[in-house]
Amino acid sequence: LHGIPQKQWCWMVRGVQDYFRWVKNSKLAGTDKNIYAKKIVLAYLDELGRKEGIKNWQFQQAIKALEILFCDVFKLS
C-alpha cells in the first residue's frame, strides 16, 4: 500500500488519528468545521513541526498519512 511497509501502517493510522484529535480540540478548527480546509491542515502541520522533540522522519510520516487520507481516501486534490 503506497510503498509503506505493513509494520508502519499502524503509525500512519495514528498520524491520521492525531490530526482528527487536533482538529477536535483546536480553537482554529472550532471556527471552521471543514476539516479539509487548507488553512486547518497547514495550521496543524505548523504546530506539529514546532513540537519539541519531533524528528524529521516523524513529521514526514505525518505528511504522508494526511496525503493518503486526503488524496487517496477522500479523493481531494
Kindly indicate whether the side chain of [X], heavy atoms from C-beta on, has any atom under 4.5 Å from the side chain of [Y].
X   : Y   : value
W22 : L48 : no
Y44 : V23 : no
I40 : Y19 : yes

query = Are V13 and F59 grouped together when hydrophobic residues (ILVMFWY) are joined by side-chain heavy atoms under 4.5 angstrom apart?
reply = no
request  = Indicate, with yes or no, if F20 and L66 share a hydrophobic cluster defined by side-chain heavy-atom contacts under 4.5 Å among Ile, Leu, Val, Met, Phe, Trp and Tyr.
outcome  = yes
message = Under the salt bridge (charged side-chain N to carboxylate O under 4.0 Å, His left out) definition, can you give me all pairs with a residue in residues 6-19, not counting sequence neighbours?
response = D18-R21
inquiry  = For a quick test of reading the model, state the closest non-hydrogen atom pair linking W9 to I4 and the distance between them.
reply    = NE1-O, 3.0 Å
inquiry  = Among residues at least two apart in sequence or on other chains, which ones pass side chain to side chain contact (heavy atoms under 4.5 Å, CB included) with A65?
reply    = M12, V16
task = Return each pair, listed once, that meets side chain to side chain donor-acceptor pair (under 3.5 Å) where at least one residue sits in residues 49-69; pairs must be two or more places apart or across chains.
result = D46-R50
request  = Please name all residues satisfying salt bridge (charged side-chain N to carboxylate O under 4.0 Å, His left out) with E47, sequence neighbours left out, ordered by chain then number.
outcome  = none
request  = Could you grab the distance from atom CD1 of I68 to atom CD1 of I63, nearest 0.5 Å is fine?
outcome  = 12.5 Å
